[in-house]
Amino acid sequence: MQVLERLDELYAIGVGPGANRPHLSAAEDEAHQLAASWCKEAGLEIEVDRHGNLFGRAEVEHGVWVGSHLDTVPRGGRYDGALGVVAAIEAVERVGAGSVVVFRGEEVGCIGSRALVAAGDPLPMAFAELHVEQGPVLADAGVPLGVVTGIVAYARGELVIEGRAGHAGTTPMVGRDDALVAAAAEIQGVRDAALAIPGAVATIGKLEVEPGGANVIPSRVWMSLDVRAPDAERLDALIAGIGFEAGYRVEPAQFDGKAPQVLRNVMDARDLPLVELPSGAGHDAGILASAGVDAAMLFVRSLNGGVSHSPDELSSAEDVALAVDVLTDALAAMTR
Ligand code: GLV
Ligand code: MN
Ligand code: MN
């Protein structure tokens with residue numbers, strides 16, 4: 001299947017293990033160029049907007065976009081973002097209508113879609129994003145596809161702990177001001193703050209220790225923070241509980257327009273079981289929905305326990321083929 005071959009080609013870009021196409025890297029650019037070449041092969045007109053987002057437009061567009069992103073987390077999986085892009089190219093080619101969109105920098109805060117919205121650039125009437133679930137719900141339910149109801153609220157920020165540098169061998173343990181030891185307690189506190197709020201999660205995924213010598217007591221620790229909750233109130237409580245300034249924040253999004261109904265209709269027409277589920281991951285579709293676009297998301301069953309943001313990310317060829325068919329039917333219905 002062309003879609004799977006294209007996923008392999010994208011996965012081969014950048015240095016392994018896993019997918020490594022971080023935002024603003026040469027690998028992200030190369031992936032965009034490859035996608036542009038596939039759009040051209042499909043007879044689509046290429047456009048790159050001022051934010052770096054790529055469009056492949058069919059002659060008849062009807063203001064309907066389908067797509068996702070091609071940047072990845074470090075050591076990411078084969079499907080996150082990439083599946084939505086290759087499926088969108090396939091769907092627009094088959095239907096002969098609509099636009100493929102490939103957003104920039106989704107993993108670092110939906111940079112491309114947020115820039116588009118913030119600049120007041122033209123938005124589509126409707127947007128559909130196919131994505132792997134990145135969790136175990138569909139696999140546990142034994143169904144291949146799901147329609148997404150909405151996206152959690154999330155925010156990112158940082159924590160900085162200051163201490164005092166000193167000699168690792170000559171400074172007694174008592175009386176040290178070790179920033180990393182203080183950070184360890186802070187990390188436990190972040191975990192406890194999230195555990196205290198139903199449905200909340202908090203992650204410290206990056207840590208920088210200064211000055212970074214094996215024989216130097218750490219004087220400063222910088223930590224990234226990613227916090228999420230099902231609604232704005234719980235996100236507020238989590239941010240207050242941890243006590244940090246959110247560098248950016250995305251409010252929860254609902255997919256409740258006509259586009260999700262089209263997905264449900266297509267699944268019904270194909271006699272597919274309907275499972276609806278919320279997303280704990282952020283997506284460009286959520287940014288567009290919050291900006292008033294009639295947005296929808298179709299999730300494909302994730303295998304391997306639903307693992308994602310990992311090279312172990314996996315979906316079956318059959319589920320992927322079915323998802324591409326459903327996306328194609330939905331695009332056909334939305335551009336009719
Ligand atoms: C995107 O993958 C996110 O961090 O939710
Ligand atoms: Mn993604
Ligand atoms: Mn991701």
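Whatever order the structure lists ligands and atoms in, that order sets their numbers, starting from 1.
A cation-pi arrangement, defined by a distance under 6.0 Å to the six-membered ring centre and an angle within 45 degrees of its axis, is absent between Arg21 and Tyr11.
Near Ala281, meaning under 4.0 Å from one of its heavy atoms, ligand 1 places the atoms 5 (O). Near Gly282, meaning under 4.0 Å from any of its heavy atoms, are these atoms of ligand 1: 1 (C), 3 (C), 5 (O). Close contacts of ligand 1 with Glu106, meaning ligand atoms under 4.0 Å from a residue heavy atom, involve 1 (C), 2 (O).
The closest donor-acceptor contact from the side chain of Asn304 to the backbone of Gly306 lies at 3.5 Å or more, if one exists at all. At least one donor-acceptor pair closer than 3.5 Å links the side chain of His167 to the backbone N or O of Gly169. Side chain of Asn215 to main chain of Ala168: no donor-acceptor pair is present (N/O by atom type, distance under 3.5 Å, no hydrogens or angles). Within the 3.5 Å criterion, the main-chain N or O of Glu106 finds a donor-acceptor partner in the side chain of Asp71. Looking at Glu162, its side chain never comes within 3.5 Å of a backbone N or O of Arg220 through a donor-acceptor pair.
Not a single N or O atom of Gly280, backbone or side chain, sits closer than 3.5 Å to an N or O atom of ligand 1. At least one N/O-N/O distance between Arg156 and ligand 1 falls below 3.5 Å. Considering backbone and side-chain atoms together, Gln134 places no N or O closer than 3.5 Å to any N or O of ligand 1.
Dense packing is recorded around CD of Glu276, with more than 12 heavy atoms of other residues, nucleotides or ligands lying under 6.0 Å away.
With a 4.0 Å cut-off on non-hydrogen atoms, Arg228 touches ligand 1 through its side chain and not its backbone. For Glu107, every heavy-atom contact with ligand 1 shorter than 4.0 Å involves the side chain, none the backbone.
In this structure, a donor-acceptor pair under 3.5 Å is present between the side chains of Ser68 and Glu129.
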Does Arg191 form a side-chain hydrogen bond (donor to acceptor under 3.5 Å, both in side chains) with Gln188? I'd like the steps, not just the answer. CA-CA 5 Å; Arg191 183 171 186 273; Gln188 292 290 347; 4.9 Å; no
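In the hydrophobic clustering of this structure, Leu322 groups with Leu314; members are Ile, Leu, Val, Met, Phe, Trp, Tyr whose side-chain heavy atoms approach within less than 4.5 Å, directly or through other members.
Counting only protein N, O or S atoms, 4 lie closer than 2.8 Å to the Mn ion (ligand 3).
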